[in-house]
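I have placed the structure first, in the form of structure tokens, so that the comments after it can refer back to it.
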Amino acid sequence: MSKRFYITTAIDYVNGQPHLGHAYEKVITDVIARARRSLGEPVFFLTGTDEHGQKVQQAAQAVGKTAQAYCDELAAQFQALTVALNLSNDDFIRTTEPRHKAVVSALLTKLHDQGDLYKAPYRGWYSWKEETFLTDKDRGPDGTFAPTWGEVTELVEENWYFRMSRHQGWLLDHLEAHPDFVQPDYRRNEILGFLRSVALDDLCISRPRARLSWGIPLPFDPDYVNYVWFDALTNYFSVPAALGDPGALEPLGAYAPKAEGRRPKVEGRSAGDEVRSPEAEVRLWPADVHVIGKDIVRFHAVYWPIMLHAAGVPLPHQVLVHGWWQKDGEKMSKTTGNVVDPLAVVRDWGVDAFRYYVVRELDIGPDGNWTDAGFRARYTAELANGLGNLVNRSLAMLQRYRGGIVPARSDELATEVLQTASRLTAQLRAHQLQAGLITIWGLVNRANQYVDQTAPFKLAKDPAQASRLDAVLYNLVETSRILAVLLWPFLPTTAARITQQLGLNETPDHLSAADWGGLAPGHRIGQPEPLFPRKE
Ligand code: MSP
């Protein structure tokens, strides 16, 4: 079986509820995953939750729950978000699952046996209240630690370190030889600049269990748990390994976890998924794209490749870095109430309105700014008056003037439609999602203009213009059909509704169907219904 296009998101900390930033990342990843499926590639899309570590342990303590009970509740909310956003993920990994822990242990054991890990004392300033080591950056202007840190004392603590520094030269060479490894280019340049100017330290990969118990125990030293980032990054690899992917198991060799860590796919919602039983062979590794936010590039573009390289595991092809959202020009913050609740937006406006706005408003890379006014403006102009109006009046006119029966084929808009499809295909392959929507809306606007120019409502009044009216109506409904195909990766619900209103049974999830002439003359369409009801 061929290797699938394997795409992942960052796994979200469960120390708070899902917010716009989490939702945005998952939507853009879903659009890329659906686009690849639509292009005919087998795909595996993974997302999940990051559940260990101090932040989560403290969040659980704050509400008086055990860490596990707290994680179970929050993970359910993140899982509910994947459903609300209509994500086509093939699996959802929680780092507290046995299948993940088994692979983390295997990787740690391998690195330990190879001599990549060592134990050494660490001396530092420790805040007992915040349960964390402080650095010079935490000192106030007068050189002392602020009283908010509570009692701060110098502490010597033994920990386990990963020999990361020795791989710096190798990583620099790798980044120079693989310009696509970190994208966009300005993020790649930041990492190159960092690696050229700073000598990497070895990475502390343990926390003494005495002060942090919520983590994966080190298999070779039970007094310690694994540092949460080492644990978390491994999720991308642990799922393929747990599913029995030879591309993940072979590099682990004798360290590969036993079969009981594996399990079949979770209940399937996704299109084209084949992982139905543990026996089915899955080929995923190496990952094709890790989609992440700009704050965690160093973990993904420095620590992660070095971890894999040291363990003898092939590297992923790309780390794709998106920007951060603000709301009304300010950082989102729960304490000030300056937040966007993705679930509320989906409830009030529909999932595709949310998906459309975030992808159309923000290219993958720069930072973005959510405003409610901007959201409403795009909803009204581009969804309701643009796409919605086009499809609705095209179908309504075919019903009114031709009893809903598709007339003889006419190719007046064929060239423009096919050009749109081929431009969009190139953009989807290059992860240019915002540009892809602009391309599609070029066609939406052109078709709306075609209605105004050809004025079918006038043609309908003149019996001598009957064949001209047939031609116009064919062009409009066929363009609507192809729009559904083009829209599928972005707005799957809307795409399916358009297809259904056209009286077609198939799901518009294959770009090969964006070929002119698919609607057969004589076919009877269904009843049009508004796709994006006007508000107010
Ligand atoms: N748990 C780590 C990631 C481990 S990946 C092996 C983490 N979690 S997080 O919940 O803090 O963030 C998850 C993702 O959401 C990150 O990619 C982060 O950049 C993204 N975002 C968090 N806030 C965001 C915005 N305001 N805007 C856009 N994305 C943001 O980091």
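Counting starts at 1 for both ligands and their atoms, following the listed order. Scope of the values below: all heavy atoms of this structure, side chains included, with no hydrogens, waters or symmetry mates. Quick caveat: nothing in here was measured; it's all calculated off a predicted structure.
Under the 6.0 Å distance and 45° angle rule, Lys331 does not count as a cation-pi partner of Trp324.
We find that Asp348 and Lys535 are not joined by a salt bridge, their nearest charged nitrogen and carboxylate oxygen being 4.0 Å or further apart.
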Check: every ligand 1 N/O to protein N/O pair under 3.5 Å:
from: ligand 1; atom 1: 1 (N); to: Ile11; atom 2: O; distance (Å): 2.8
from: ligand 1; atom 1: 1 (N); to: Asp50; atom 2: OD2; distance (Å): 2.7
from: ligand 1; atom 1: 10 (O); to: Tyr13; atom 2: N; distance (Å): 3.1
from: ligand 1; atom 1: 10 (O); to: His22; atom 2: NE2; distance (Å): 3.0
from: ligand 1; atom 1: 17 (O); to: Glu25; atom 2: OE1; distance (Å): 2.5
from: ligand 1; atom 1: 17 (O); to: Gly293; atom 2: N; distance (Å): 2.9
from: ligand 1; atom 1: 19 (O); to: Asp295; atom 2: OD1; distance (Å): 2.6
from: ligand 1; atom 1: 19 (O); to: Trp324; atom 2: NE1; distance (Å): 3.1
from: ligand 1; atom 1: 26 (N); to: Trp325; atom 2: O; distance (Å): 3.3
from: ligand 1; atom 1: 27 (N); to: Trp325; atom 2: N; distance (Å): 2.9

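Among pairs with a residue in residues 217-238, those fulfilling salt bridge (Lys or Arg N to Asp or Glu O under 4.0 Å) read Lys119-Asp221, at least two apart in sequence or across chains. Screening residues 301-317 for side chain to side chain donor-acceptor pair (under 3.5 Å), with sequence neighbours left out, gives His290-Trp304.
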Contacts table for residues 59-67: side-chain donor-acceptor under 3.5 angstrom, sequence neighbours left out:
from: Lys65; atom 1: NZ; to: Glu73; atom 2: OE1; distance (Å): 3.2
from: Lys65; atom 1: NZ; to: Glu73; atom 2: OE2; distance (Å): 3.2
from: Thr66; atom 1: OG1; to: Ala69; atom 2: N; distance (Å): 3.1

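Using a distance-only test at 3.5 Å, with no hydrogens or angles considered, no donor-acceptor pair links the side chain of Gln318 to the main chain of Phe181.
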